[in-house]
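We name chains A, B, ... by the order of the sequence lines, and we start the count at 1 in each one. Only this structure's heavy atoms are used, side chains among them; waters, hydrogens and symmetry mates stay out.
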Amino acid sequence: MKFSEEELLQVVAKRVRKYTSNESTSVTYQTARQILSSVLYCIQEVDFDVSHATAYEESYELSEGNNNLTAMKAFEIGLNKKKDKIKRAKKLFASLCVRFEDYHNDCYRETIIDGMKAFFERYDVDFDATNHLLTLDYPLICEVKNIQGIDLIYEYLYRTSLEQEFLGYFSKEEVEKILIAYHRDYSGLIINIASIVLRNSLGRLLTKQDLNCLSIGEMQRIEIEELFQDKEQDKIRQILNDTLQSFVMEQFKGDICLFEYLKKDINEIAYVLMLGIKQHSLQQVLIEVKDPKSIQEKKYREGGSMEDEALRELIEVMKKQSLEARIELIKKRVKSLSDLKELLQECFYQEECNRVFALLSDEERNVLIEEIKKKLDFDEALYEWEERLIYKI
Amino acid sequence: MEEKQLFELMMSNGKEQLQKVIKCNSYTNKFGLSLSSKEALQLLDSRKNSLRQEERVEFGEGILSKIIYEFCDSPFIYQDNYVDTLEGLQEIFYIYKNEALDEVTDDELLSYMKECFNGKCQGDLDYLEGSCLDAFCRKIRSEGIGFIGAGEEENEI
């Protein structure tokens, strides 16, 4: 569909008047640009129908129908389609949230749960449709490119749901063991979890191991090395493809979409396997879980911290209370270690700290001790309560 | 087509604009003010330049007619300074729409401009631009639209 500049600008002019509620006769270039982009984005949606119609007859009918459309009508149809897409994206997000597992990775949780909520609250399909607002920091197996706005968000959510479907096959504990073995502080890293799990799961399948565990030991690495040693990358890729296909056919009822999506990582996996074999560093590519105890520390999850003002108020109140009263207040009001640390610094002295330590779970205690150890590594001075905890005074 | 050219294409037909500005004469005549076609064209040219400079796009009939209707009864405007004052007010209007981050409507800004122009500025465009509107927009940027300076005491600004 082709519209003249004058036709398009008439649509933009009308949209600008709506944007300003007829209360301004002018807008900035930036605003005009934004509204123009929104109009073109919506009109493209109608063009898309024509170019992506599957049957010749369908395409002809759409094209014929669309040739009679004015720019304004095309825009209105396109806008309605985008609004429908927002509804579908919300449904997809809602179903994703039900079973979403972030494996304690901050970036994953913040991008999907926090980020998407904010997107649906603030996305302006009427006047800023191409602005998808989010930086989408969490990297997918295959990044979404060359699309904008709600189209991008929908596709991102769809790919996330595929990755979650794949990850859901494995036990949460096994996935977390692999991640900890990959990097102790994986929670704070920006990594794609599905890719790490996919590599190891393919390694297990190639060596005929079950998938109740994801770890790849030395024997399996040697086996894989022997399997791929003299093969070109193309051949490695083919073997990985076939293995993945069989796995998805059997365990995911032949879900073609899932297979086609996971397949996008095969090139990369083939390349790093080949490199790992050449450089005798396959243990960097296929992860071995060596320290089962390390999973314990990662079960701790920080609760909600108080607002600064509320915390200050609590400190002032506690300073005037007896030890027993202060302990009761900790039990009732404190849900996060960061708040507890502030209170230990300000409101507890000498042996009193030990009464607070007695309230901690093993996980909480371990987290605090690890933080204190890091301070010691950097020669930082410790607070009194920190010295008591680490040196068990 | 370059963006600026595209946005300039958005602006109303020149002939239409001219007619609308000339039409204002039927009202402003009672205040002893009128514009010739040449003067009206000069103002419309000045409008284009100001919009380009301030990177704004105007739709419909634009703000010039509104400025004329709003200020024609000012005691500080007479036939000799009519065109220059309108040109100045138009330019100031676009500058301060930007400065106020489009947080004020056209009517709100014009109303405040008129109050200051006729009041503390005593018809001085430089004082209007450099002092009153500057403070007005700073207040809007920091306190939001809840603050509209019209009617406030001088010492509060």
Side-chain angles (χ1 to χ4, degrees), chain A residues 1-44 46-47 70-76 78-79 118 121-131 133 148-149, chain B residues 1-13 16-17 20-21 44 46-70 89-112 140 145 148:
Chain A
M1 269 182 305
K2 290 279 177 204
F3 298 109
S4 65
E5 270 150 7
E6 282 80 10
E7 249 192 299
L8 283 171
L9 292 174
Q10 272 173 27
V11 178
V12 174
K14 196 170 176 185
R15 295 303 291 168
V16 167
R17 276 192 286 278
K18 188 160 186 190
Y19 177 79
T20 63
S21 308
N22 273 321
E23 287 177 342
S24 280
T25 47
S26 62
V27 292
T28 59
Y29 276 2
Q30 187 184 349
T31 302
R33 194 184 300 132
Q34 173 187 302
I35 293 174
L36 174 62
S37 299
S38 289
V39 167
L40 292 173
Y41 180 67
C42 291
I43 287 177
Q44 258 170 29
V46 181
D47 255 344
T70 60
M72 192 68 210
K73 195 68 194 167
F75 165 72
E76 282 167 2
L79 180 61
E121 280 165 16
R122 290 164 49 201
Y123 179 59
D124 181 3
V125 71
D126 287 292
F127 301 111
D128 200 8
T130 56
N131 182 5
L133 303 168
Q148 300 167 291
Chain B
M1 188 185 269
E2 229 189 72
E3 190 175 73
K4 277 189 185 174
Q5 290 170 313
L6 190 69
F7 291 153
E8 277 173 30
L9 194 64
M10 278 184 184
M11 305 208 244
S12 237
N13 187 300
E16 231 174 81
Q17 286 272 318
K20 283 192 169 118
V21 170
L44 289 172
S46 164
R47 163 193 170 256
K48 253 194 199 162
N49 291 334
S50 298
L51 282 168
R52 196 182 292 130
Q53 202 161 324
E54 295 308 315
E55 294 200 345
R56 293 186 73 82
V57 182
E58 201 167 55
F59 299 92
E61 67 174 61
I63 200 63
L64 183 55
S65 313
K66 268 192 172 176
I67 291 175
I68 292 171
Y69 284 121
E70 192 72 33
L89 287 168
Q90 188 176 240
E91 190 184 327
I92 289 168
F93 176 83
Y94 292 132
I95 290 171
Y96 282 94
K97 280 290 279 191
N98 278 346
E99 288 294 317
L101 306 175
D102 280 304
E103 292 279 323
V104 283
T105 65
D106 286 357
D107 289 342
E108 282 165 348
L109 181 56
L110 279 180
S111 167
Y112 187 71
I140 285 174
I145 195 59
I148 294 285

With rounding to the nearest 0.5 Å, note down the distance linking CG in A:Asn22 to OG1 in B:Thr105.
12.0 Å
Can you list the steps and then say if A:Tyr29 with B:Arg52 is a side chain to side chain contact (heavy atoms under 4.5 Å, CB included)?
CA-CA 9 Å; A:Tyr29 276 2; B:Arg52 196 182 292 130; 4.2 Å; yes
Under the side-chain contact (heavy atoms from CB on, under 4.5 Å) test, residues paired with A:Ser38 that sit two or more places apart:
A:Ala129
Under the rule for salt bridge (Lys or Arg N to Asp or Glu O under 4.0 Å), what residues qualify as partners of A:Asp126, not counting sequence neighbours?
A:Arg15, A:Lys83
Residues in residues 89-97 of chain B near chain A [non-hydrogen atoms, under 4.5 Å]:
B:Tyr94, B:Lys97
Could you tell me whether A:Glu23 atom CD has more than 12 heavy atoms of other residues or ligands within 6.0 Å of it?
yes
CZ on B:Arg56 to OG on A:Ser24, rounded to 0.5 Å:
7.0 Å
Is it the case that atom OH in A:Tyr19 sees more than 12 heavy atoms from other parts of the structure closer than 6.0 Å?
no
With A:Leu40 via side-chain contact (heavy atoms from CB on, under 4.5 Å) - residues at least two apart:
A:Leu8, A:Leu36
B:Lys66 atom NZ: more than 12 heavy-atom contacts under 6.0 Å
yes
d(A:Thr20 OG1, B:Asp106 CG) to nearest 0.5 Å is 8.0 Å
